[in-house]
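Computed from heavy atoms alone, side chains included, the values below leave out hydrogens, waters and symmetry copies. For clarity, every value in this text was computed on a predicted model and none was experimentally measured. For reference, positions follow the sequence shown, starting with 1. Indexing begins at 1, ligand by ligand and atom by atom, following the structure's order.
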Amino acid sequence: MKFGGTSMAGSERIRRVANIVRRQQAAGHEVAVVVSAMAGETDRLVGFCREANPLYDPAEYDVVVASGEQVTSGLLALTLQSLGCKARSWLGWQLPIHTDDAHAKARIEGIDSEALLASMAAGEIAVIPGFQGLSDAGRVTTLGRGGSDTSAVAVAAGIGADRCDIYTDVDGVYTTDPRIVAKARKLKYVTYEEMLELASVGSKVLQTRSVSLAMKEGVRVQVLSSFIDDDATPADEIPGTLIVSDEELEGLDMERQLITGIAADKNEAKIILTRVPDRPGAVATIFGPLAQANINVDMIIQNVGRDKGETDVTFTVPSADLLRAQTLLEAQKEAIGYNRIITDGKVAKISVVGVGMKSHAGVAATMFRALADRGINIQAISTSEIKVSVLIDEDETELAVRVLHTAYEMDADEAA
Ligand code: ADP
Ligand code: ASP
Ligand code: MG
């Protein structure tokens, strides 16, 4: 069971969570619980790091931001004990959860689950702070924003859990963020492939890595709400959204929609390098150093070379890495040979995702037309087999998502 930040925000909510956990144990399950920091806490801690040093050392950043989850794991263990349950916390370094040393976005390499299993077998509820890991060098790492989802799936895989239930503040995965589009529809099932793509383009309901890990390890994942009525036993065993394989979905005989979901991501920033020499190796000198600094580049456009043998290169990086990327590129100005660097943090990436696209033409055309009709300008485009993404002005995010939700006929009946 994993509980997100909103579910852990304050003593009262933690008590509610403890009751949900206790009921599962009472129903005969052995339970491991992964918790997030209280809502807003990680942002607060990140803010302190930025104030201390805008170009912060990611290793020290991890020391600071990992603390939010330490607090909630201890508090949940205490609250469970107050309800008469046996419970103890297991910090990331105590298990440990082994990760690589890519601080602030570390990748889990394995979990030592022996002690955990022994304690659970003895009737103890294991409470594990999400987000935290330990590098080979013995330093605390964190898994990137939203990383507690990945901790939960990794723990589930490590202990061979029957299921990984991700409790959050919405009651499942919707066709788009239900906080943006009131007419979004809840999906009963979504495939790993679709969820992976949705998460990777910004549906923050699950962290991308948690989905790829679940897919790789065959972990059954359900997304559901922790804000359900305490006494209401759901008639349905799966009240939320279940992530299933392609074959499983076919067995369920669901009607396949062309588009599964729409996602928006405001956490990207655009960089333009003007008048880059149009010769072999130029692009490599731009992206090589960024890769070395662990900065993920997403959309890339290289304009057709102009007559003077020069070209503009436009690309996006995570907003959190913009300053570092800019600093790096400025240091490489001579080597790359560009003229000017222009950055824009006020962009958003809007994506439509669906496996139905593999066999249907016209998905992109519908998107471009619908946006054009509202006067929304497209700054960049990228596609994959089951996704089309466009970069637009950040101020137009909500409008674009609503317009597309309607254009693909995904709106729920108003009566429903
Ligand atoms: P937690 O703190 O529990 O990890 P998050 O805030 O990370 O919760 O994720 C839950 C949020 O994800 C929801 O409140 C919702 O606004 C957002 N969200 C974005 N896209 C979707 C979607 N397609 N379906 C459901 N929720 C979504
Ligand atoms: N607390 C971390 C964050 O806010 C991890 C998580 O909640 O999943 O990103
Ligand atoms: Mg989350």
Using heavy atoms and a 4.0 Å limit, tell me yes or no: is [X] in contact with ligand 1?
| X | answer |
| --- | --- |
| Gln207 | no |
| Pro178 | yes |
| Gly172 | yes |

Does CG in Asp162 sit with more than 12 non-hydrogen atoms of other residues, nucleotides or ligands closer than 6.0 Å?
no
Within 6.0 Å of CZ in Arg107, more than 12 heavy atoms from elsewhere
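Atom CZ in Arg107 is not crowded, with 12 or fewer foreign heavy atoms closer than 6.0 Å.
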Do [Y] and [X] meet the salt-bridge criterion of a basic N to acidic O distance under 4.0 Å?
| X | Y | result |
| --- | --- | --- |
| Arg163 | Asp165 | yes |
| Arg340 | Asp312 | no |
| Glu248 | Arg220 | yes |
| Lys346 | Asp395 | yes |
| Glu330 | Lys333 | no |
| Glu194 | Lys387 | no |

Give a yes/no on ligand 2: does Gly68 have at least one heavy atom closer than 4.0 angstrom to it?
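No, Gly68 has no heavy atoms under 4.0 Å from ligand 2.
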Among all protein heavy atoms, pick out the one at the shortest distance from [atom]; state its residue, atom name and that distance to 0.1 Å.
| atom | value |
| --- | --- |
| atom 21 (C) of ligand 1 | Asp177 CA, 3.7 Å |
| atom 27 (C) of ligand 1 | Val205 CB, 3.7 Å |
| atom 4 (O) of ligand 1 | Lys2 NZ, 3.1 Å |
| atom 13 (C) of ligand 1 | Asp169 OD1, 3.4 Å |
| atom 24 (N) of ligand 1 | Tyr174 N, 2.9 Å |
| atom 4 (O) of ligand 2 | Arg145 NH2, 2.9 Å |
| atom 7 (O) of ligand 2 | Ser36 OG, 2.9 Å |
| atom 1 (N) of ligand 2 | Glu69 OE2, 2.6 Å |
| atom 2 (O) of ligand 1 | Gly5 N, 3.0 Å |

Residue Thr42 vicinity, atoms of ligand 2 by number, heavy atom under 4.0 Å:
1 (N), 2 (C), 3 (C), 4 (O)
Does Lys204 approach ligand 1 within less than 4.0 angstrom via side chain, backbone, both or neither, non-hydrogen atoms only?
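Both the backbone and the side chain of Lys204 come within reach of ligand 1.
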Atom indices of ligand 1 within 4.0 angstrom of Val173 heavy atoms, with elements:
24 (N)
Heavy-atom contacts with Arg179 under 4.0 Å: which atoms of ligand 1 show up? List them by number with element.
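Near Arg179, the atoms of ligand 1 are 13 (C), 14 (O), 15 (C), 16 (O).
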Is the closest N or O pair between [X] and ligand 2 shorter than 3.5 Å?
| X | answer |
| --- | --- |
| Gly146 | yes |
| Lys2 | no |
| Ser148 | yes |

Answer side chain, backbone, both or neither: which part of Glu41 comes under 4.0 Å from ligand 2, heavy atoms only.
neither
From the candidates Thr168, Val170, Val223, Ile180, the one that places a heavy atom nearest atom 1 (P) of ligand 1
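It is Thr168 whose heavy atom sits nearest to atom 1 (P) of ligand 1.
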Examine the side chains of Asp171 and Tyr174 and answer whether a donor and an acceptor come within less than 3.5 Å of each other.
yes
Side chains of Thr99 and Thr141, donor plus acceptor under 3.5 Å
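A pair is found: one side chain offers a donor N or O, the other an acceptor, under 3.5 Å apart.
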Say whether, by atom type as modelled, one donor and one acceptor occur between the side chain of Arg13 and the main chain of Thr6 under 3.5 angstrom.
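Checking the backbone N and O of Thr6 against the side chain of Arg13, a donor-acceptor pair under 3.5 Å is found.
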Which residue is it: Glu394, Glu268, Glu396? I am looking for the one with a salt bridge (Lys or Arg N to Asp or Glu O under 4.0 Å) to Lys349.
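Of all the options given, the one that passes is Glu268.
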Does the separation of the ring centres of Phe227 and Tyr167 fall below 6.0 angstrom?
no
